[in-house]
Amino acid sequence: MIYKILFTCLIIATANSFAKGTYQQPAEFVAEAFKQQPEPQVIWVKGELREQIENILQHKNLSKRVRYWKNESRSVWILEEIGKKKPITVGIVIDDNKISRLKVLVFRETRGWEVRYPFFTQQFNKLTLNSDNSLSETIDGISGATLSVRALEKLARIALLLNKTVQSQVSSK
Amino acid sequence: MTLRKTLIAATIATTLTSTGSFAADLDSLQKQIDELKAENSQILANLESTSDSTSYSSATTIGGYGELHYNNLSSDLNNSDKKEIDFHRFVLFFAHEFNDNIRFFSELELEHSVAGEGQNGEVELEQAYIEFDTSDTANIKAGVFLIPVGIINETHEPPTFYGVERNNVEKYIIPATWWEGGVMYSANSASGISYDLAITSGLYNADGVIRSGRQKVSNAVADALAYTARVKYTGITGLELAGTAQYQSDLAQGTTADEVSAVLLEAHVRYTISGFTATALYADWNVDINTTADSQNGFLVEASYKFTDKIGVFARQTEIDYQKDATTFVEGAAQTDVGINYWPHEDVVIKADYQMQNDDAGDFDGFNVGIGYQF
């Protein structure tokens, strides 16, 4: 009996093909965001910007620079943050300083899988950044997925902060 | 006149020549700019593919959590006190990613600071399994893993829950932390529904004392196995709705004439909105035995409110009926807790609470203070 159940479980499991937790390649996400994709640009993370990002992350920031794509008021960011053990890769599109799309591109954690589905990520749409670098609205969490939820919130805040920084650099030129 | 003409002709010739040279210079400069642009793009691309992301790419990771408790309790029932300080749990996680689809995870715990013969503590291997992803939404675990039941059993890092001590329903009825050896298939879907199916080692206590029945996968008798199924719904943000059913084929593990089978049913709901969280949990054992142990159950209700990211308060009520040991059945053991959590950092928590027990629970009233962390 036990062996039958085990065998059935294995059949069910192996019926699915092996695949990584990659839901969209970052390059595809960027390409989708523009009619004509601009050249990538780089913002260096240093000084006050670094401090602000570390305040959001609540730990040391490992990136010295961040690549982004920008065309007029639209910017696109591919960012990573660890949930519990592994980095979650997220694509974020910002229009006029508001998030217009947030998507989990690669999810490597074993728990907290709910954050990759639209029923969770759509909460980020239209959010802006407050003056204290918090989000303009509260994100409702997912029980048992606290660390993954927290990682996505941090990345949304960082993307908005970086966007604000590059937009202000353009306007001061 | 001739000289003037000659000078004008020379000036025109020079201007024409220098204009041609200027245009050539411009072309050359543009070419250099284009080359530099291309070079810069290449450098940026190389930078992207190196340094920064390597800090995340280590295949082996460690983590952990721990908690120190201070209890100051007294009971009028038998005029006794419990005043002690204890590093209750010191836990280290070790994980290794063999490839994108196969990984190892482990949890090693030292309880009560000192382990060994005659000591209060124990060293326990609570998790050690290999996990195989079978698709984007499904995986199989094989090894020692936590039983998918209740709230605390799988997520018990101190910053994630209120109260210094864990609640009594998930201590005596569930009984957390509860791990077994075996195999488990888990799957989830975009609708927010997930499920787990597990075949594992079973409990071993012919008297139906649930918590004492944990064999902790230490030369565990495997005459009779356990079968667990859980369905969970988290498709609405802030909501968790879950139910677990488990069948223990024989709590006596073949040592008695009649099998002592048992069924555990557990259900819980948790809903969080704008800092307010309401939780309710019910767990019930139906044991095929002709003693008081045949029916053991308990419930929990909890309300909490997080004022900011740093401060939250809670109130909790639990009540349980359970077989405490072979001869003692406790009925209606109730406890009320109220308290506060303070998070100076999102992964560090300081807790304080006041507990009140009825006589059936031991009448231990008093306060608890604790500090916990995770990383």
Side-chain angles (χ1 to χ4, degrees), chain A residues 1-2 5-6 8-10 12-23 39-42 45 58-60 62-67 78 80-82 84-87 89 106-108 110-111 113-114 116-120 122-123 134 138-147 149-150 154, chain B residues 37 41 44-45 47-48 51-53 55-57 61 63 93 95 97 100-101 103 105 131-141 151 154-155 159-160 183 185 187-192 194 197 199 225 227 232 234-240 270-275 277 279 345-347 374:
Chain A
M1 174 66 180
I2 293 164
I5 294 169
L6 274 172
T8 308
C9 283
L10 283 171
I12 292 167
T14 50
N16 298 303
S17 60
F18 274 77
K20 297 173 190 174
T22 302
Y23 307 110
E39 286 293 312
Q41 301 179 56
V42 164
V45 180
Q58 296 264 298
H59 62 73
K60 283 278 178 196
L62 299 168
S63 286
K64 294 180 184 65
R65 62 209 153 260
V66 179
R67 196 152 69 139
I78 306 292
E80 284 187 348
E81 168 64 351
I82 290 179
K84 187 174 175 66
K85 292 177 295 183
K86 288 286 174 185
T89 306
V106 188
F107 189 80
R108 306 168 180 88
T110 54
R111 293 171 65 183
W113 51 270
E114 292 95 335
R116 75 180 177 87
Y117 288 117
F119 68 75
F120 175 74
Q122 66 194 11
Q123 291 185 91
S134 61
T138 304
I139 298 295
D140 289 328
I142 294 166
S143 186
T146 312
L147 298 176
V149 169
R150 194 194 285 170
K154 288 176 178 176
Chain B
K37 269 187 178 173
S41 294
L44 290 176
L47 282 171
E48 284 298 313
S51 61
D52 278 8
S53 59
S55 54
Y56 285 150
S57 66
T61 53
F93 302 129
E97 200 98 359
D100 285 345
N101 300 309
R103 63 191 69 84
F105 184 76
E131 185 174 71
F132 305 86
D133 289 347
T134 56
S135 73
D136 279 0
T137 56
N139 65 63
I140 292 177
K141 288 185 181 70
I151 297 168
E154 290 180 295
T155 307
T160 64
V183 60
Y185 176 72
N188 62 68
S189 71
S191 61
S194 62
L197 302 168
I199 302 172
L225 300 180
Y227 307 89
K232 186 158 79 165
T234 47
I236 297 170
T237 53
L239 176 70
E240 175 177 324
R270 170 168 277 185
Y271 187 59
T272 300
I273 186 162
S274 302
T277 301
T279 305
H345 180 278
E346 60 190 14
D347 293 323
Q374 64 179 357

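Below, all heavy atoms of this structure are taken into account, side chains as well, without hydrogens, waters or symmetry copies.
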*Test B:Thr237 against every option in A:Asp140, A:Ile139, A:Val149 by the side-chain contact (heavy atoms from CB on, under 4.5 Å) rule and name the one that passes.*
A:Asp140
*Under a 4.5 Å heavy-atom cut-off, does chain A meet the side chain of B:Ala95, its backbone, both or neither?*
side chain
*asked:* Under the rule for side chain to side chain donor-acceptor pair (under 3.5 Å), what residues qualify as partners of A:Ser143, not counting sequence neighbours?
replied: B:Glu240
*Of the listed residues (B:Thr137, B:Thr272, B:Asn188), which shares the most heavy-atom pairs with chain A below a 4.5 Å separation?*
B:Asn188
*Under a 4.5 Å heavy-atom cut-off, does chain A meet the side chain of B:Glu154, its backbone, both or neither?*
both
*A:His59 vs B:Asp347 side-chain heavy atoms within contact, under 4.5 Å*: no
_chain B contact via A:Gln58 - side chain, backbone, both or neither, heavy atoms under 4.5 Å_ = both
*Greatest number of heavy atom pairs closer than 4.5 Å to chain B - which of A:Lys84, A:Arg150, A:Gln123*: A:Arg150
_As an exercise: rank B:Thr234, B:Thr61, B:Thr277 by heavy-atom pairs under 4.5 Å with chain A and give me the winner._
B:Thr234
_Quick check on B:Phe105 against chain A: is it the side chain, the backbone, both or neither that has a heavy atom closer than 4.5 Å?_
side chain
*Most chain A-contacting option - heavy-atom pairs closer than 4.5 Å, from B:Ala187, B:Ser194, B:Gly63*: B:Ser194
_B:Glu131 versus chain A, the contacting section by heavy-atom distance below 4.5 Å_ = side chain
*Who are the side chain to side chain contact (heavy atoms under 4.5 Å, CB included) partners of B:Ser189, not counting sequence neighbours?*
B:Ser191, B:Ile193
